[in-house]
Undergrad: 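Mind having a look at this structure? Questions to follow.
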There are 2 protein chains.
Amino acid sequence: MVMSSRSGADLALLLLGSYRNLVDEVVRELANRGYPDARPSHEYAIRAIRAGADSASDLARRLAITKQAAAKTIAALVERGYVTTETDPADIRRKNIRITDHGIGLITEGTAIFDEVRARWETRLGTAELAELETQLEQFVGDSPINLDAPGWAAGQELR
Amino acid sequence: MVMSSRSGADLALLLLGSYRNLVDEVVRELANRGYPDARPSHEYAIRAIRAGADSASDLARRLAITKQAAAKTIAALVERGYVTTETDPADIRRKNIRITDHGIGLITEGTAIFDEVRARWETRLGTAELAELETQLEQFVGDSPINLDAPGWAAGQELR
DNA sequence: TTGACATGGACAACCAGGTTGACCAACACT
DNA sequence: AGTGTTGGTCAACCTGGTTGTCCATGTCAA
């Protein structure tokens, strides 16, 4: 009956390969548009910050990583000029994060490129088909213990 | 044009999340079945070795990584008893890799678990639907600039 | 046969993006 | 006040890679 010639292991590779393809292309194009040092994790982090994570501990919770890891990421973002930090006057333990214009530029471009690539996929697959694919994937991610708007586990690998 | 536009960034997260879900489950179950130290990369590496990569350089080419990285992976596999190496009598530079019974056990169990998880997805989505999803993903991986093309696993002729 | 080049492997240093664990200063709550 | 929670930091380590350098061995042509 089923010509399930495909193995579960292949399915995993298919998912990973698709992800890498998409993300590598975004990173490549981001470099072309003036963000040569941007890494996927930077984008995700800035998005989380914009969504309300205004301190390292906050970001850590949001990304479901340790606060030490979050601190490292923030240090990288500061180094590259995507965010700045300043001590919270109301709680001097806290260091508030603010996204710079450069950081805003990064996620603006990043979002655009992501959407462009998705649009190409849509052209190829058909609108309804891509929507269905996304709905299906949502089911697999949905019963996950992991939080989708918490891409901490989005470590990923360098391109080429 | 209803709920059309999901963002490209979300699509990336969906793909990665699905992959992680699948693989995490396999690793977890592998631990239950007596392979507590098995990592995904070990499985892929052993598969590549079984498919014909019988030296470090060979494995490197097959996995599209550097030979140094391949050597490290092999060292880890040897350490865990999944493979052994011995100098090639016909070319003493070469160190031939041989998979141990333990290594065979790992990929046998691994393959089974991968397939079990896939079967659960199939139940949930429907056979035709999962098949279509795989076909779609294949298109994205197919025009890949990156080297995921290790014939041993991408074109997997598994199942012994 | 020899000399040029290719190949297999190893050593070392490094990177990204995480992890544990220990710790301290500052805040919050009785 | 004292106790406990929270924000941040230092340090060491892990995984799965990367360069760069080096050398012994193998191959092939002249």
Side-chain angles (χ1 to χ4, degrees), chain A residues 16 19-20 23-24 27 36-46 48-49 53-80 82-83 85-97 146 150-160, chain B residues 16 19-20 23-24 27 36-46 48-49 53-80 82-83 85-97 146-148 150:
Chain A
L16 180 58
Y19 170 78
R20 297 253 326 223
V23 165
D24 285 355
V27 169
D37 56 1
R39 309 200 48 76
S41 64
H42 298 160
E43 255 217 72
Y44 294 136
I46 298 180
I49 293 165
D54 65 329
S55 73
S57 294
D58 239 31
L59 182 62
R61 279 187 293 265
R62 207 133 192 159
L63 260 31
I65 57 177
T66 59
K67 57 184 180 178
Q68 293 93 324
K72 279 192 193 176
T73 300
I74 293 169
L77 294 177
V78 169
E79 211 172 289
R80 289 165 169 81
Y82 294 131
V83 304
T85 57
E86 50 188 18
T87 309
D88 187 331
D91 179 351
I92 56 178
R93 293 172 309 174
R94 229 178 153 83
K95 292 196 169 176
N96 291 329
I97 310 170
I146 312 175
W153 28 274
Q157 194 53 41
E158 182 58 59
L159 77 165
R160 332 145 106 273
Chain B
L16 180 58
Y19 170 78
R20 295 275 313 221
V23 165
D24 285 355
V27 170
D37 56 359
R39 309 204 47 77
S41 64
H42 298 159
E43 255 218 71
Y44 293 136
I46 298 181
I49 293 166
D54 65 329
S55 73
S57 293
D58 237 32
L59 183 62
R61 279 186 292 265
R62 207 132 190 160
L63 260 30
I65 58 179
T66 59
K67 55 184 181 177
Q68 292 92 326
K72 280 192 193 178
T73 299
I74 293 169
L77 294 176
V78 169
E79 213 172 288
R80 289 165 170 82
Y82 294 130
V83 305
T85 57
E86 49 189 19
T87 307
D88 186 330
D91 179 350
I92 60 175
R93 293 174 309 172
R94 235 178 146 82
K95 291 197 170 177
N96 291 331
I97 309 171
I146 64 169
N147 241 340
L148 202 39

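By convention in this document, chain letters (A, B, ...) are assigned in the order of the sequence lines, proteins followed by strands, and residues within each chain are numbered from 1.
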Undergrad: For L77(B) and I97(B), what are the C-alpha separation, side-chain angles and deciding distance, and is it a side chain to side chain contact (heavy atoms under 4.5 Å, CB included)?
TA: CA-CA 10 Å; L77(B) 294 176; I97(B) 309 171; over 6 Å; no
Undergrad: Nearest whole angstrom, please: distance from the C1' of dT19(C) to the NZ of K72(A).
TA: 8 Å
Undergrad: Could you state the atom-to-atom distance from CD of E43(A) to P of dA16(C) in whole Å?
TA: 18 Å
Undergrad: What does the B/S/- profile of nucleotides 4-11 of chain C look like, 5' to 3', with a 4.0 Å heavy-atom cutoff to protein?
TA: --BBBBBB
Undergrad: Let me know, please, whether A76(A) or D88(A) comes out on the 5' side of the other along DNA chain C by nearest nucleotide.
TA: A76(A)
Undergrad: Counting side-chain heavy atoms from C-beta on, which of dT15(D), dA16(C), dT19(C) comes nearest to R39(A)?
TA: dA16(C)
Undergrad: Please enumerate all residues that pass salt bridge (charged side-chain N to carboxylate O under 4.0 Å, His left out) together with D88(A), with sequence neighbours excluded.
TA: none
Undergrad: Please give me the minimum heavy-atom distance between L59(A) and A48(A), naming the atom from each residue.
TA: CD1-CB, 3.6 Å
Undergrad: Between dC14(D) atom C1' and E79(B) atom CD, what is the distance in whole Å?
TA: 13 Å
Undergrad: Can you list the residues that meet the side chain to side chain contact (heavy atoms under 4.5 Å, CB included) rule with D58(B), with sequence neighbours excluded?
TA: A53(B), D54(B), S55(B), R61(B), R94(B)
Undergrad: Let me confirm one number: the CZ-CG distance from R80(A) to D37(A), rounded to the nearest 0.5 Å.
TA: 5.0 Å
Undergrad: Between T66(B) and dT18(D), does any side-chain N or O lie under 4.0 Å from OP1 or OP2?
TA: yes
Undergrad: Compute the bend angle of the helix from dT1(C)-dA30(D) to dT30(C)-dA1(D) from the end axes (five pairs per end), rounded to 10°.
TA: 10°
Undergrad: What's the NE2-C1' distance between H42(A) and dG18(C), to the nearest Å?
TA: 13 Å
Undergrad: Could you state the atom-to-atom distance from CZ of R62(A) to P of dG7(D) in whole Å?
TA: 14 Å
Undergrad: Which residues pass the side chain to side chain contact (heavy atoms under 4.5 Å, CB included) test with R39(B), sequence neighbours left out?
TA: S41(B), H42(B)
Undergrad: Provide, to the nearest angstrom, the distance between the CD1 atom belonging to I92(B) and the P atom belonging to dC23(D).
TA: 17 Å
Undergrad: Using a 3.5 Å cut-off and no angle test, enumerate the donor-acceptor pairs between side-chain atoms of residues 63-76 of chain B and protein atoms at least two apart in sequence or in another chain.
TA:
unit_1 : atom_1 : unit_2 : atom_2 : d
T66(B) : OG1    : A69(B) : N      : 3.2
T73(B) : OG1    : A69(B) : O      : 3.1

Undergrad: Mind checking what makes side-chain hydrogen bond (donor to acceptor under 3.5 Å, both in side chains) contact with Y19(B), not counting sequence neighbours?
TA: none
Undergrad: R20(B) has an atom CZ; how far is it from atom C1' of dT15(D), in whole Å?
TA: 12 Å
Undergrad: Taking salt bridge (charged side-chain N to carboxylate O under 4.0 Å, His left out) as the test, write out the residues that go with E79(B), two or more places apart.
TA: none
Undergrad: In whole angstrom, give the distance that lies between atom OH of Y44(B) and atom C1' of dG16(D).
TA: 14 Å
Undergrad: For S41(B), answer base if it contacts any base atom (sugar-phosphate contacts may also be present), sugar-phosphate if it contacts only those atoms, and nothing otherwise; contact means non-hydrogen atoms under 4.0 Å.
TA: sugar-phosphate
